Amino acid sequence: MGRADYDHREIERFWQKNWQSREAYKVSEDPGKPKYYVLDMFPYPSGAGLHVGHPLGYIASDIVSRYKRARGFNVLHPMGFDAFGLPAEQYAIQTGKHPAETTSENILRYRQQLDRIGFAYDWSREVRTCEPAYYKWTQWIFGRFFTHWYNLRANRAEHIDNLIAIFENEGNVNVSHHGPETAKFTASEWLDYDKTQKELILQNYRLAYLAETTVNWCEALGTVLANEEVKDGLSERGGHPVVKKTMRQWFLRITAYADRLLEGLEKIDWSESIKEIQRNWIGRSSGASIHFRILNSDAQIEVFTTRPDTLFGSTFMVIAPEHELIPEIVSEAQRIEVETYVQQALNKTERERMSEVKQVSGVFSGAYCLHPFTGDNLPVYIADYVLGGYGTGAIMAVPAHDSRDHAFARHFGLPIVQVVDDPAIKDVQTESFDSKEGTMINSDFLNGLHVSNAIDQMIKELGRRNIGEGRVNYKLRDAGFGRQRYWGEPFPIIYQNGTPTLIPSSELPVRLPDVQSYKPTGSGASPLASAHDWVHTPSGERETDTMPGWAGSSWYFLRYMDPQNRSSIADPDKIIYWGQVDLYMGGAEHATGHLLYARFWTKFLFDTGILPFDEPFAKLINQGMIQGVIENICLRKEKLNGSNYFKSYELIRRDGEEDLYTKLPVSISIVQDYGKDSSYIDKLGILKFIEERPDFSDAIFETVAGTFNRLQIAELQDNSNFRLETRSETGKMSKRWGNVVNPDDVCEDYGADALRLYEMFLGPLEDSKPWNTHGIDGVYRFLRKLWKHVIDANGDAQISEAQPGKEALKSLHKCIRKITEDIEKYSFNTAVSTFMICLNELIELKCRDREILEQFILLLAPFAPHISEELWSRMGHQNSVLDESWPEFNEQYLTEDSKVYPISINGKTRAQMEFPLDTTPDEIEKAVLAHETVLKWLDGKQPRKVIVVPGRIVNVVI
RNA sequence: GCCCGGAUGGUGGAAUCGGUAGACACGCAGGACUUAAAAUCCUGUGGCCAUUGAGGCCGUGUGGGUUCAAGUCCCACUCCGGGUACCA
């Protein structure tokens, strides 16, 4: 029949080839079956390959997809590659190698690694975002954004042609759009505008538009970055400094969808934490906008405030350093000082700005504005605690009720006027009271009102006096969509005399040209600008920016439905059939990037009639991170007699010298028993270490066996005589710590099935947890035990055809119920335990009944598909476990007729007694009170109370 | 600072509705098999005090509360992880 021992290498190789050759995972639309769409966040194929942390989510989703298939669903479970991006391009800059080449090499390696784990992907549907056949459609969607505007009346995107028709008929007076305020014009005025003027106006409406704005400029990468690509003032990729810079850029008007993106969160099954991150990122806050007139000027400054109720407490105004009115309002006396301050503020890197957050800085502009109610003159300050990019870039400062304004007022000696009273207030001169509690005082017509009522009253009054109105504001900014980089989608845009024109879809894709150098030009133009013949076309000059990494990933889930389609992004019937992604698995780090943009694009494609749904991912699960073990050797902080001095960790612990030593991470490849408490470096390991770190060739090593220098170690006869214990800690798995565990190695040593089981067994899917290769022994033993239980010494299945006994059926059906429930709630770690428990029971029962073992194998198949196929086939089946349906749970095998009751005294279990399930509580009580242990505890007294919960517990209160 | 999570043996973790805390594994200790090792199998394994037919006390981050009964519910706090940051 085959080998008698469990040879995972041969078995896994065989079945992987088998699945591939008969296209076992290929799916097509089947109206006769319900569909289920399981999607993994596709990886960026980096040069480092996969480590054991990456497949965690893939394994979980693979289990679900195999399970759903067994339950009769037509399962779409594809995989592809997010293939445009910075690392391949940075590598190209260093080596001159075309990023396409690097990328396809990396993809090949990823593919091999993934295949080895035995995933049920339909690879015929693979997509790569960097391929022209794919990015043609990314460009096409960009074209849709370009040719649409957001109609606030209809609350949806509409075609720009409809808007132009309105302009031609009645101008823009009745148009309400999402975008910057636009001067009113009539139909005849519109018709008189030339092409350039018309386009300039349309840019205010288009959902993809060009704008001159402050952007995050990263000098080292030579590109603009989106807000979410900047972390702590440094670029997410590479950690380079980022500064604010004004540039002309493509933007997508995601802000038009802010409210719908917020509301949409209510109807999707995502973790509360991701939803919360998105809510915060969108940052909706409602308040009022108020216009302030400037003394001796026609200028007006508009502020946004969430606390219009405190208007009477406003004692000054603050505007952002980048505010456009500064040159107009600044007094001659203050001009020099203001210009200096503004220059300083604008030149700060994000990092500097953030580190100075708690320092109060600002400058008086010399201008005053008029309080709209009292007519008081309020000084106008310029300070960088007011952000140009939020609200109107100007605030009315209310120092009594805003801590930032309070700090500013204290610093500049400005008056602090209390307008809200509340018992919790001590003294607003020393500390502001920011809470929205309390009653209005010193506020004219608002006096006596509660804060919330006062806000409403004030908004009404502002409207009546025509100096302000209720306003909703968002933190969310329009998404910068241009990158000055090579390795991305080119824009389907040609400039004709500076006017952007969309290239017709029949001419797509606009392919990336070959260039001499991938280096940023330094002038802020992309490397594409140097492709002279490509840029200059008969009809104009091409846009040379490329799209950001998230462009291709915002819609890739659609392309899987119909990946080869040449005439549309996907066939409408296929879109209707497959619909939303039912289960989306991926990391939480994309909360404000990919996961928000994909929702935005989906809503837009819904508006334009391409999709019948407006949320892409019905359910989202964020798998946790798998951490590695970092192995350190302990180096004495101060040299001893001029030499570096290492000491075995066990000795440091013994001597309590932890403080004297620092940790030096070493590659786990030279550590013995890595991951264990007692992990150590032997003679050969330490010699290898010294070889790699010649700076430590003079070092001294103190171990239990003695103290050695390099030469003495080399002379040791026996490798085991030297033992330098390491200090282990948990941390990120990365090249830097030399602690990356490659799934290929695990598959080689233990097999893909063991890897799959072990990753699931480690703990709850969504939690972060440390990887410890030694723990895999547990699941590996389980697989071998299963093998030995089914396969005899000749390699044949040793199966009984007899009717299974009651105990075996009970064990199996407990297992069926638990596994089914656990998969449904994504509790895979407990599922693996359940398999172990069930197998232990079956071995105990010596159960080899076909009916029991076959069903057990079918349950196991989604988790460990290779061994399941092998055992299934050795049990005499010609077909695959993939085509079998999920075992049915039958309650009747679990029904008991008695229950072992825990008998507790004052809530602590002291004894056990078995009663038939139909015993009445009275009978139980009587029997319990006669029990030896209970009598002992009662010690002759009467129990105060006896609680009998039928079928559960008995508690005797003494 | 603010917003979310979380804290259970030496380790990863389990415990459905408030009802036998520590399932299942790892590790460790002892034993069987073996010339030996590996593999496999068996036994034990929360702590403390006892024990040889004896059991008891403590125990789910800390302190309080509700309850016949709390890892689970309520209040206060400590620590750890993640997100976010002058957002008016």
Side-chain angles (χ1 to χ4, degrees), chain A residues 5 231-232 271-277 279-281 283-285 287 303-307 310 318 353-354 356-360 383-387 389-398 401-405 407-408 434 473-476 588-589 591-592 622 624-625 675-678 730 757-758 761-764 766-779 781-782 784-785 788 818 821 825 827 829-838 840 900-912 933 936 943-949 951-958:
Chain A
D5 56 334
K231 290 255 141 56
D232 299 326
S271 74
E272 208 38 55
S273 73
I274 292 273
K275 288 188 186 183
E276 205 50 37
I277 290 170
R279 280 187 201 111
N280 291 338
W281 191 259
R284 184 184 200 274
S285 54
V303 304
F304 172 73
T305 177
T306 56
R307 296 294 302 273
T310 62
V318 186
R353 207 180 59 74
M354 290 164 107
E356 289 166 15
V357 158
K358 288 288 163 261
Q359 291 171 29
V360 177
D384 63 3
Y385 85 89
V386 173
L387 305 174
Y390 183 77
T392 60
I395 60 149
M396 60 175 214
V398 184
H401 303 290
D402 182 290
S403 56
R404 294 152 305 179
D405 297 343
F408 194 84
D434 297 15
N473 198 43
Y474 298 90
K475 235 157 81 173
L476 185 70
E589 66 272 21
T592 55
N622 303 115
M625 283 223 289
K676 295 189 185 176
D677 285 345
S678 59
T730 299
L757 283 175
Y758 185 51
F761 187 62
L762 276 176
E766 307 196 31
D767 292 359
S768 282
K769 56 236 156 194
W771 175 270
N772 182 346
T773 300
H774 298 288
I776 202 170
D777 285 334
V779 295
R781 270 176 212 150
F782 161 75
R784 279 202 313 229
K785 250 155 74 175
K788 271 182 62 183
K818 179 82 171 130
E821 279 172 7
K825 59 182 194 201
S827 177
N829 56 328
T830 51
V832 177
S833 307
T834 303
F835 285 124
M836 292 172 169
I837 292 168
C838 184
N840 288 344
V900 177
Y901 281 82
I903 311 299
S904 33
I905 312 287
N906 289 336
K908 285 202 187 294
T909 310
R910 299 292 175 184
Q912 292 192 340
T933 310
K936 190 190 93 185
R944 285 208 303 193
K945 203 170 183 183
V946 178
I947 315 275
V948 178
V949 186
R952 279 202 174 276
I953 200 170
V954 179
N955 190 15
V956 180
V957 187
I958 295 174

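Computed from a prediction, not measured in an experiment: that's the story for all the values here. Within every chain, numbering begins at 1; the chains are lettered A, B, ... in the order of the sequence lines, protein sequences first and strands thereafter.
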- Testing B:A14, B:U20, B:G13 for proximity to the side chain of A:Thr830, the answer is B:A14

- Establish, with yes or no, whether the OP1 or OP2 oxygen of B:A14 is under 4.0 angstrom from a side-chain nitrogen or oxygen of A:Asn829. yes

- Query: Which part of the nucleic acid does A:Lys818 contact within heavy-atom distance under 4.0 Å: base, sugar-phosphate only, or nothing?
  - Reply: nothing

- Spacing of A:Lys936 atom NZ relative to B:A54 atom P, expressed in whole Å: 11 Å

- Taking B:C3, B:C24, B:C58 as options, the one with an atom nearest any side-chain atom of A:Lys908 is B:C58

- So A:Trp771 and A:Tyr758, would you call those rings parallel, tilted or perpendicular, with 30° and 60° as cut-offs? perpendicular

- Message: Under 4.0 Å, heavy atoms only, any strand: does A:Val957 hit a base, just the sugar-phosphate, or nothing?
- Response: sugar-phosphate

- Residues that A:Asp5 engages under side-chain hydrogen bond (donor to acceptor under 3.5 Å, both in side chains), provided they are two or more places apart: A:Arg3

- Message: Quick check on RNA chain B: between A:Ser768 and A:Gly907, whose nearest nucleotide comes earlier from the 5' end?
- Response: A:Ser768

- A:Ile953 CD1 to B:A21 C1', straight-line distance once rounded to whole Å: 12 Å

- NA contact type, A:Arg944, heavy-atom cut-off 4.0 Å: base, sugar-phosphate, or nothing? nothing

- Query: Side-chain N or O of A:Lys945 less than 4.0 angstrom from OP1 or OP2 on B:C68?
  - Reply: yes

- Which of the following nucleotides, B:C68, B:C86, B:U20, is nearest to the side chain of A:Asn955? B:C68

- Item | Nearest-nucleotide 5' precedence on RNA chain B, A:Ile277 against A:Thr392 | A:Ile277

- Using a cut-off of 4.0 Å on non-hydrogen atoms, how would the nucleic acid contact of A:Asn840 be classed: base, sugar-phosphate, or nothing? sugar-phosphate

- Under 4.0 Å between any heavy atoms, over every strand shown, what does A:Ile947 touch: base, sugar-phosphate, or nothing? Just pick one. base

- Under-4.0 Å side-chain N/O to phosphate OP1/OP2 contact, A:Ser403 with B:C86: no

- Looking at the side chain of A:Ile837, which of B:C24, B:C86, B:G19 is the nearest nucleotide? B:C24

- Query: Is there a side-chain contact between A:Val948 and A:Val946 (heavy atoms, below 4.5 Å)?
  - Reply: yes

- Query: Does B:C57 have OP1 or OP2 sitting under 4.0 Å from an N or O in the side chain of A:Arg910?
  - Reply: yes

- Hey, is the side chain of A:Arg784 poking within less than 4.0 Å of OP1 or OP2 on B:U40, counting only N and O atoms? yes

- Message: By the 4.0 Å heavy-atom rule, please label A:Val386 as base, sugar-phosphate, or nothing.
- Response: base

- Item | Selection from B:C24, B:G19, B:C86 that lies nearest to any side-chain heavy atom of A:Met836 | B:C24

- Item | Nucleotide of B:C86, B:C17, B:C68 approaching A:Tyr385 most closely (side-chain heavy atoms) | B:C86

- Syn/anti state of B:G9 by chi, 90° boundary around 0: syn

- Task: Looking at every strand, decide which applies to A:Leu762 at a 4.0 Å heavy-atom threshold: base, sugar-phosphate, or nothing.
- Result: sugar-phosphate

- Message: What does the 5'-to-3' dot-bracket notation of RNA chain B look like when only Watson-Crick and G-U wobble pairs under 3.5 Å count, and pairs to other strands show as |?
- Response: (((((((..(((......[....)))((((((.......))))))((((.....))))..(((((..]....))))))))))))....

- Nearest listed nucleotide, side chain of A:Phe761, among B:A25, B:U16, B:C3: B:A25

- Message: Does B:C26 have its OP1 or OP2 closer than 4.0 Å to a side-chain nitrogen or oxygen of A:Arg781?
- Response: yes

- Item | Candidate nucleotides B:G12, B:G19, B:A88, ranked by approach to the side chain of A:Thr306 - the nearest | B:A88

- Select base, sugar-phosphate, or nothing to describe what A:Lys785 touches, counting heavy atoms under 4.0 Å on all strands. sugar-phosphate

- Report the nucleotide, chosen from B:C24, B:U40, B:C86, that has the shortest atom-to-atom distance to any side-chain atom of A:Lys788. B:U40

- Message: Taking any heavy-atom pair under 4.0 Å as a contact, classify A:Glu272: base, sugar-phosphate, or nothing.
- Response: nothing

- Message: Using O4'-C1'-N9-C4 for purines and O4'-C1'-N1-C2 for pyrimidines, with syn meaning within 90° of 0, is B:C24 syn or anti?
- Response: anti

